[in-house]
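Here the structure is laid out as structure tokens; the discussion comes afterwards.
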Amino acid sequence: MPDTTAHVKKPGWFTVHVKKPGWFTVHVMNRSVAWLTRRGISVWGSRVLAVRGRKSGEWRTTPVNVLTHDGDRYLVAPRGHVQWTRNMRAVGGGELHLGKHVEPFTATEVADDAKADVLRAYLKRWKAEVGVFFAGVGPDSTDEELRAVAHKHPVFRITAAPNA
């Protein structure tokens, strides 16, 4: 299998970690999970994330896993700084869809130093699905090991939007 890790460097930006999905993930897995989730069937906590594009303003969707940890909810980007994370930073929130239920939310990005417990909980729940993107780091790793990869995996704390 070819390495699909990209390190994108833009003028004035730091190098960004992205693990691009393969054809099977894009055309079979993501579409299947999104199809089930749109019909109200959650696959291990799945939701369809809708977030407005930072340039186009158009709604963009992708299946995600919502983590509940210590009473808060989080979105973790196991593949790195992908398009939905960039859009989330720009617009500060979005919607989670499960069937006909739509939940608007606001999002706050978690600082790298504060991600260890969230990443551990995320990996404990979904390591079989996403562990390959964490370069050997898992739920039993030390805080130092988790912090060492934290910059590669954006994490957003989400809260229900006011008046939702």
Side-chain angles (χ1 to χ4, degrees), residues 2-35 37-38 43-69 72-98 102-123 125-126 129-135 137 146-162 164:
D3 181 12
T4 57
T5 301
H7 295 281
V8 180
K9 190 166 190 167
K10 295 185 177 183
W13 287 47
F14 56 92
T15 301
V16 177
H17 170 81
V18 177
K19 180 77 174 169
K20 294 182 180 182
W23 184 92
F24 184 78
T25 299
V26 171
H27 296 284
V28 178
M29 293 304 297
N30 283 358
R31 286 184 182 178
S32 299
V33 170
W35 187 87
T37 305
R38 283 187 187 103
V43 181
W44 276 36
S46 67
R47 298 292 186 273
V48 173
L49 169 65
V51 67
R52 289 207 182 264
R54 63 194 178 281
K55 296 176 185 174
S56 70
E58 298 291 323
W59 285 101
R60 305 294 183 197
T61 61
T62 191
V64 294
N65 293 321
V66 179
L67 172 69
T68 301
H69 177 66
D72 290 318
R73 295 187 322 147
Y74 298 90
L75 293 176
V76 176
R79 292 181 177 275
H81 298 267
V82 293
Q83 294 301 324
W84 74 259
T85 64
R86 293 180 181 118
N87 291 336
M88 187 76 69
R89 282 185 194 108
V91 300
E95 298 176 343
L96 293 172
H97 296 247
L98 178 60
V102 177
E103 178 189 355
F105 67 88
T106 59
T108 304
E109 192 161 6
V110 177
D112 290 345
D113 288 342
K115 291 179 186 176
D117 286 341
V118 175
L119 292 176
R120 180 176 288 109
Y122 187 82
L123 287 165
R125 176 101 191 253
W126 289 292
E129 182 182 338
V130 301
V132 68
F133 308 123
F134 285 84
V137 174
L146 289 162
R147 279 194 289 272
V149 300
H151 70 282
K152 295 180 178 182
H153 305 285
V155 174
F156 295 88
R157 181 179 296 111
I158 61 173
T159 55

Any residue meeting side-chain contact (heavy atoms from CB on, under 4.5 Å) with [X], in chain and number order, not counting sequence neighbours:
X: R147; value: D113, A116, D143, E144
X: N87; value: V51, R54, R60
X: A150; value: D112, K115, L119
X: A50; value: W59, T61, E95, H97

**Request:** Considering non-hydrogen atoms only, spot the tightest contact between G80 and H153 and give its length.
**Result:**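 Answer, listing the atom of G80 first, then H153: N-ND1, 4.3 Å.
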**Atom pair CZ/NE2 of R120 and H69 - distance to nearest 0.5 Å** =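 Nearest 0.5 Å value for the CZ-NE2 distance: 9.0 Å.
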**Item:** From L123 atom CG to L67 atom CG, the distance as rounded to the nearest 0.5 Å
**Value:**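 Rounded to the nearest 0.5 Å, the CG-CG separation comes out at 10.0 Å.
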**Request:** Check step by step if side-chain contact (heavy atoms from CB on, under 4.5 Å) holds for N65 and E129.
**Result:** CA-CA 11 Å; N65 293 321; E129 182 182 338; 3.4 Å; yes
**Asked** For R52, what residues pass the salt bridge (charged side-chain N to carboxylate O under 4.0 Å, His left out) criterion, not counting sequence neighbours?
**Response**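 Scan of R52 (salt bridge (charged side-chain N to carboxylate O under 4.0 Å, His left out), adjacent residues dropped) gives none.
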**Contacts of type salt bridge (charged side-chain N to carboxylate O under 4.0 Å, His left out), residue R125, not counting sequence neighbours** =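 Applying salt bridge (charged side-chain N to carboxylate O under 4.0 Å, His left out) to R125 gives none.
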Is the closest side-chain heavy-atom distance between [X] and [Y] below 4.5 Å?
X: P154; Y: R89; answer: yes
X: R73; Y: L96; answer: yes
X: V66; Y: Y74; answer: no
X: V118; Y: V110; answer: no
X: T106; Y: I158; answer: no
X: Y122; Y: V155; answer: no

**Request:** Evaluate the side-chain contact (heavy atoms from CB on, under 4.5 Å) criterion for residues S46 and V64: first the C-alpha distance (whole Å), next the side-chain angles of each, then the deciding distance (0.1 Å), finally the verdict.
**Result:** CA-CA 6 Å; S46 67; V64 294; over 6 Å; no
**Prompt:** Under the side-chain contact (heavy atoms from CB on, under 4.5 Å) criterion, do L75 and L49 qualify, and how do the steps go?
**Reply:** CA-CA 10 Å; L75 293 176; L49 169 65; 4.1 Å; yes
**Item:** Derivation of the side-chain contact (heavy atoms from CB on, under 4.5 Å) call for R79 and V130
**Value:** CA-CA 8 Å; R79 292 181 177 275; V130 301; over 6 Å; no
**Request:** Give the ring-plane orientation class for F156 versus W84, where under 30° counts as parallel, over 60° as perpendicular and anything between as tilted.
**Result:**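 Ring orientation of F156 relative to W84: tilted.
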